[in-house]
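Take a look at the structure below.
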Amino acid sequence: MYLTREEERMLLGEYGEALAKAIKVLVKVGESLGAGRLIEISHAHVSGISYFNIGDAGLEFVEDLAKLGARFSVFTTTNPYAALVDYSGRSPAPEVLKKQLRIVSALRAMGSKSFTCTPYYVRTPKPGEHLAWAESSAVLYANSVLGAMTNREPGVLSLLAGIAGRTYLGEAHKGLPEEVRHVVNLEKPKDPSEAGVYGLLAGKVSPTGIALVRGTADLPEPYIKEFLAAYAVPSPAHVVILEGVTPGFSRVNIAGAERVYIGRSELKEFYRDADSCENPLYLIGCPHLSLKELEQVVSKVDKVEKGELWITVGDLVSQTEELRRGVKVIAGGCAVTTRLNSLGVDCVITDSAKALTYLPKLAGVKAYLMRRDELLRKVVGRG
Ligand code: F3S
């Protein structure tokens with residue numbers, strides 16, 4: 001791989017051991033993927049920091065780096081950590097709490113600016129900016145909505161890229177593809193949750209390639225966010241070209257692409273059986289809500305009839321708090337990567353198609369999907 005003189009000095013350890021380690025791994029990974037050089041980035045976003053996911057090995061890795069003096073050299077944000085809140089009076093295990101907070105402190109010491117999976121609300125990249133973002137939902141948002149350029153980085157690599165201020169020059173950094181193999185037409189979703197289900201379905205259409213999607217041009221931002229978060233579940237793509245949204249979409253050649261239609265009749269099977277969840281934890285905020293969405297949601301909940309409602313947001317709000325009995329706004333936390341079964345949660349009703357997919361596996365609970373307004377009516381006992 002071609003390295004600048006500055007990068008060679010970094011590799012030789014002239015700027016410290018931590019930076020040398022970071023750049024060494026980036027070069028190795030880049031070479032194995034056929035990248036010819038590194039590229040400077042303006043913003044790194046790190047994922048995979050829930051103690052439930054990375055355990056003691058991850059904790060040690062992050063703490064060792066911080067002790068070595070590793071510091072982020074560019075603006076760096078980090079995914080949310082496990083949701084450290086009580087559920088129906090039951091608290092997370094003290095050991096887990098302590099270890100999760102050690103991970104957060106090490107990342108803060110390295111210079112992380114925020115804990116959220118919607119880093120574009122903290123700092124919005126401009127079109128053409130080079131980034132090193134992990135968290136698939138944010139990667140697709142950066143590339144497909146903002147016109148920025150980021151590989152779909154693994155969590156560790158994004159952390160090292162934040163230290164080095166660089167990543168390998170992957171395909172994502174070279175702009176949109178000239179043509180696509182699939183064009184997916186969507187019927188209009190009526191709610192962010194439905195947009196998410198469309199994402200799950202559309203993400204399966206082009207398993208190895210990049211698709212162009214029609215029908216998203218006039219959708220409100222939360223719909224697009226849910227669509228992309230769910231799209232990334234089955235699809236490994238770093239971008240999906242959204243007609244009317246993605247900067248430069250009209251230059252992509254769609255002649256010869258296979259056409260696929262996804263209609264509302266395909267959504268039905270996802271909205272089933274929620275009534276069998278008798279004592280639910282309601283969850284909104286996967287991905288994290290914007291402040292505007294938070295206000296809208298909170299204004300509709302004056303009480304909780306049964307169970308609890310958790311709303312997850314970035315640490316744009318200063319702290320986690322219980323707004324009303326059973327309504328918890330969780331700042332910087334992710335319920336999906338928390339072992340909710342260890343808190344006594346049996347089942348979750350969510351409006352997020354991404355959460356629906358991952359909750360059983362990562363949180364150890366049954367999950368049901370409900371449209372946002374319907375869910376909020378149910379929370380207050382009017383559903
Ligand atoms: Fe964010 Fe956790 Fe969902 S990181 S996208 S709230 S799974």
Side-chain angles (χ1 to χ4, degrees), residues 44-54 58 76-85 100 103-104 107 112 114-122 133-145 150 152-155 158-159 192-193 195-197 199-200 203 221-235 281-291 293-294 297 309-317 320 328-340 343 345 348-365 367 369 372 375:
H45 179 74
V46 181
S47 73
I49 68 142
S50 165
Y51 176 71
F52 290 102
N53 291 358
I54 61 175
T76 298
T77 44
T78 312
N79 244 17
Y81 41 91
L84 304 175
V85 285
Q100 180 65 81
I103 295 170
V104 170
L107 289 162
S112 175
S114 179
F115 292 86
T116 181
C117 49
T118 49
Y120 37 88
Y121 295 150
V122 179
W133 283 14
E135 174 46 45
S136 58
S137 63
V139 168
L140 288 200
Y141 196 99
N143 291 331
S144 310
V145 176
T150 172
R152 196 161 154 171
E153 309 279 16
S158 60
L159 190 149
S193 165
V197 179
L200 282 183
E221 189 268 352
Y223 289 49
I224 303 264
K225 179 174 60 175
E226 290 292 338
F227 174 82
L228 293 173
Y231 189 96
V233 173
S235 168
L281 166 62
Y282 298 98
L283 175 66
I284 293 182
C286 171
H288 281 172
L289 301 189
S290 65
L291 285 178
E293 284 176 283
L294 176 63
V297 167
L309 168 65
W310 287 10
I311 308 165
T312 46
V313 289
D315 46 11
L316 293 171
V317 301
T320 294
K328 289 172 180 157
V329 176
I330 300 169
C334 166
V336 179
T337 55
T338 304
R339 292 304 296 179
L340 295 174
L343 289 175
V345 176
V348 174
I349 299 181
T350 180
D351 65 341
S352 161
K354 175 173 178 174
L356 174 78
T357 315
Y358 286 130
L359 278 164
K361 206 167 22 173
L362 299 179
V365 294
L369 193 65
R372 188 173 290 180
L375 183 153

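Both backbone and side-chain heavy atoms feed into the values below; hydrogens, waters and symmetry mates do not. All ligand and atom numbering here is 1-based and tracks the order in the structure.
- For S158 (side chain) and G155 (main-chain N/O), a donor-acceptor pair under 3.5 Å exists by modelled atom type.
- Residue L369 holds its CG atom at 9.0 Å from OG1 of T357, rounded to the nearest 0.5 Å.
- Ionic pairing of K225 and E293 is present here: one or more N-O contacts between side-chain nitrogen and carboxylate oxygen are shorter than 4.0 angstrom.
- In terms of protein heavy atoms, atom 5 (S) of ligand 1 is closest to K354 NZ, 3.5 Å.
- Contact annotation: for P80 versus ligand 1, heavy atoms closer than 4.0 Å belong to the side chain alone.
- Looking at atom 3 (Fe) of ligand 1, its nearest protein heavy atom turns out to be C286 SG, 2.3 Å.
- When only non-hydrogen protein atoms are considered, atom 1 (Fe) of ligand 1 lies nearest to C117 SG, 2.4 Å.
- Taking the centre of each ring, Y231 and F227 come in below the 6.0 Å mark.
- Near G285, meaning under 4.0 Å from any of its heavy atoms, are these atoms of ligand 1: 6 (S).
- Those atoms of ligand 1 that come under 4.0 Å of a heavy atom in V336, given as number and element, are 7 (S).
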Which is it for N53 and T337 under the side chain to side chain donor-acceptor pair (under 3.5 Å) test, yes or no, and what are the steps along the way?
-> CA-CA 7 Å; N53 291 358; T337 55; 4.9 Å; no
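- For ligand 1 and C334, the ligand atoms under 4.0 Å from any heavy atom of the residue are 2 (Fe), 4 (S), 6 (S), 7 (S).
- The backbone N or O of A232 lies less than 3.5 Å from a partner atom in the side chain of R152, making a donor-acceptor pair.
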